[in-house]
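Since the structure comes first, as structure tokens, the remarks are kept for the end.
Numbering starts at 1 and runs along the sequence shown.
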Amino acid sequence: MNQTATLPDVVALTKTLIACESVTPARGSVFDALETALVPLGFAVDRFIAGEAPDGPVENLLATRGGTGTHLAFAGHLDVVPPGSGWASGAFEPEIRGGLLHGRGAVDMKGAIAAFVAAIARVPQGAPLSLIITGDEEGPATFGTVALMERMAAQGVTPDLCLVGEPTSAARLGDMIKIGRRGSVNIWIEVPGRQGHVAYPHLADNPIPKLVAILAEIDAIVLDQGTDWFQPSNIEATDIAVGNPATNVIPAHASARLSIRFNDLQRGEDLVARIEEIVTRHAPGAQVIARISGEAFLTAPGAFSTLIGDAIEARQGLRPELSTTGGTSDARFLSKLCPVVEFGLVNATMHKLDEAVSIDDLHALTGIYADIIARVAAL
């Protein structure tokens, strides 16, 4: 293989990926474009569809290239959030203005995927590499990275280290990397009552006081004080609904929704059980439905995060902050396989109108990724 002849251009590849409309769940042309870039670099590309409605079907891509030594995986997603209206140019019509490449997914995270592909071509083939790319990270993530991990297990693909290309940088490329993420659980509470006239409360059963008591007790909970690497866990009420248009009717039901973000002192199942106990005590007939999006994880500072920090410092002249802030990412699943660190572009415009990435940052990220690949291969 002549890598020089097939050297991908990071800007051109980013533009190609942006031009593919790939709102969650992404399928088709955007995966065609990535496969076209990877095959000349010696990768075996496995694309498959997983799941059914309502959370599927989802397309995923697993690309592998053999070698000897430490196996580095790169994980990411080609799906994007809906663009909305009001863009200065088409959301899926990549345009360069003032040194910035605009388009949905430029930052989150087609630019990073393009940078890693371009970086591969800069490094002589040696250690094994793989790319774990899903079409559903921005959505339910039911049939995305989890399905990819099952596919990897069936094929015996076992990375030693995993780099996730989420946009972790805050103000300047390389100023922050993620070594962990908090867990997340959403909980729906439905409290039944018995409808009746407000003048005859003894003939009805008002669910609102019960729900208020439930939420008051939950609001008073202090889960923990945080850790050296995580902020305190928190429970937030995100919705309360009764849907009663009448002023003289006691409603038949009341509901609420909670969102819990928790550190590695907590477990999702334990938190759900705690909420269930409170709800049952105040309203024995109430229903609690929970969805655990992921558990908290931490890749303790060590050789991998140091290696990435060294590569960033060599190129950017700054040492990245190690952080666990922000929302969830697919690293919450991949952390079960091996040490995981997230590092990517500046996140200031992700999910916003006129999302844009600096052309200079695309080239710099390509260089840093190439350095990381080379440093891992030398382990």
Side-chain angles (χ1 to χ4, degrees), residues 22-28 30-31 34-35 44-64 71-81 105 108-110 112-113 116 129-166 178-187 259-262 264 266-272 289-299 324 326-342 344:
S22 57
V23 174
T24 302
R27 287 188 288 166
V30 71
F31 285 93
L34 181 58
E35 180 177 10
V45 177
D46 176 20
R47 291 167 59 180
F48 64 97
I49 304 293
E52 299 176 349
D55 291 351
V58 172
E59 184 163 6
N60 299 299
L61 179 150
L62 174 63
T64 55
H71 179 170
L72 174 66
F74 177 87
H77 62 92
L78 286 168
D79 62 308
V80 299
V81 296
D108 190 16
M109 58 170 283
K110 293 178 177 181
I113 292 173
F116 193 82
L129 288 172
S130 59
L131 286 88
I132 307 165
I133 308 296
T134 180
D136 181 26
E137 191 271 350
E138 301 288 6
T142 306
F143 301 113
T145 296
V146 172
L148 276 159
M149 290 168 62
E150 293 171 353
R151 194 83 159 195
M152 293 165 66
Q155 297 180 10
V157 178
T158 54
D160 299 299
L161 301 168
C162 183
L163 174 65
V164 179
E166 286 289 343
K178 307 285 186 177
I179 60 170
R181 295 275 188 166
R182 293 195 295 169
S184 174
V185 57
N186 290 305
I187 299 176
S259 179
I260 308 177
R261 297 300 172 98
F262 56 95
D264 57 351
Q266 311 291 335
R267 296 287 297 173
E269 290 183 358
D270 297 336
L271 293 167
V272 172
I289 299 173
R291 181 166 184 169
I292 301 171
S293 301
E295 299 289 343
F297 77 92
L298 177 69
T299 299
T324 63
T328 59
S329 76
D330 279 1
R332 67 191 188 273
F333 306 124
L334 296 161
S335 63
K336 298 179 177 64
L337 296 179
C338 60
V340 177
V341 173
E342 301 175 57

| request: Check L61, I133, T64 against V45 for a side-chain contact (heavy atoms from CB on, under 4.5 Å) and give me the one that passes. | output: L61

| request: Looking only at non-hydrogen atoms, find the nearest pair between A147 and N60 and report the distance. | output: CB-ND2, 4.1 Å

| request: Kindly give the heavy-atom pair with the smallest separation between D330 and A141, and that separation in Å. | output: OD1-CB, 4.3 Å

| field | Closest non-hydrogen atom pair between P339 and D160, with its separation | value | CD-O, 3.4 Å

| remark: Heavy-atom nearest pair, T134 first then D79, reads O-OD1, 3.8 Å

| message | If the test is salt bridge (charged side-chain N to carboxylate O under 4.0 Å, His left out), which one of R181, R261, R182, R267 qualifies with E295? | response | R267

| task | For residues I132 and M149, determine if any side-chain heavy atom of one lies less than 4.5 Å from a side-chain heavy atom of the other. | result | no

| said: Working to the nearest 0.5 angstrom, can you tell me the gap between I260 CD1 and S184 OG? | reply: 9.0 Å

| Going by heavy atoms in the side chains, are V157 and R151 under 4.5 Å from each other? | no

| field | From K178, E137, E342, residue fulfilling side-chain hydrogen bond (donor to acceptor under 3.5 Å, both in side chains) relative to S329 | value | E342

| task | For A112 and F74, work out which heavy atoms get closest and say how close. | result | O-CZ, 3.8 Å

| Heavy-atom side-chain proximity of I49 to V58 below 4.5 angstrom | no

| query | Taking the side chain as C-beta and beyond, is there a heavy-atom pair between I187 and I289 under 4.5 Å? | reply | no

| field | Verdict with supporting geometry, L78 and F31, side chain to side chain contact (heavy atoms under 4.5 Å, CB included) | value | CA-CA 8 Å; L78 286 168; F31 285 93; 3.9 Å; yes

| said: Between S22 and K110, is there a side-chain heavy-atom distance shorter than 4.5 Å? | reply: yes

| request: Nearest 0.5 Å please: distance from the CD1 atom of I113 over to the CG atom of L131. | output: 8.0 Å

| Roughly how far apart are L72 CG and C338 SG, rounded to 0.5 Å? | 8.5 Å

| task | Compare every heavy atom of S293 with every heavy atom of R332, then report the nearest pair and how far apart it is. | result | NE-O, 2.6 Å

| task | Hey, could you give me the CG/OG distance between N186 and S259, rounded to the nearest 0.5 Å? | result | 4.5 Å

| Is the backbone N or O of P25 less than 3.5 Å from a side-chain atom of D136, with the two atoms forming a donor-acceptor pair by type? | no

| request: Find out whether E59 and F48 are in side-chain contact, i.e. whether some heavy atom of one side chain is under 4.5 Å from a heavy atom of the other. | output: no

| task | Please determine, by modelled atom types, if H71 and T158 share a side-chain donor-acceptor pair under 3.5 angstrom. | result | no

| Between D55 and R291, is the closest basic N to carboxylate O distance under 4.0 Å? | yes

| request: Taking the side chain as every heavy atom from C-beta outward, state whether V81 and T24 have any atom pair closer than 4.5 Å. | output: no

| query | Is the number of heavy atoms from other residues, nucleotides or ligands within 6.0 Å of CD (E269) greater than 12? | reply | no

| query | Do L334 and T145 have side chains that get closer than 4.5 Å, going by heavy atoms? | reply | yes

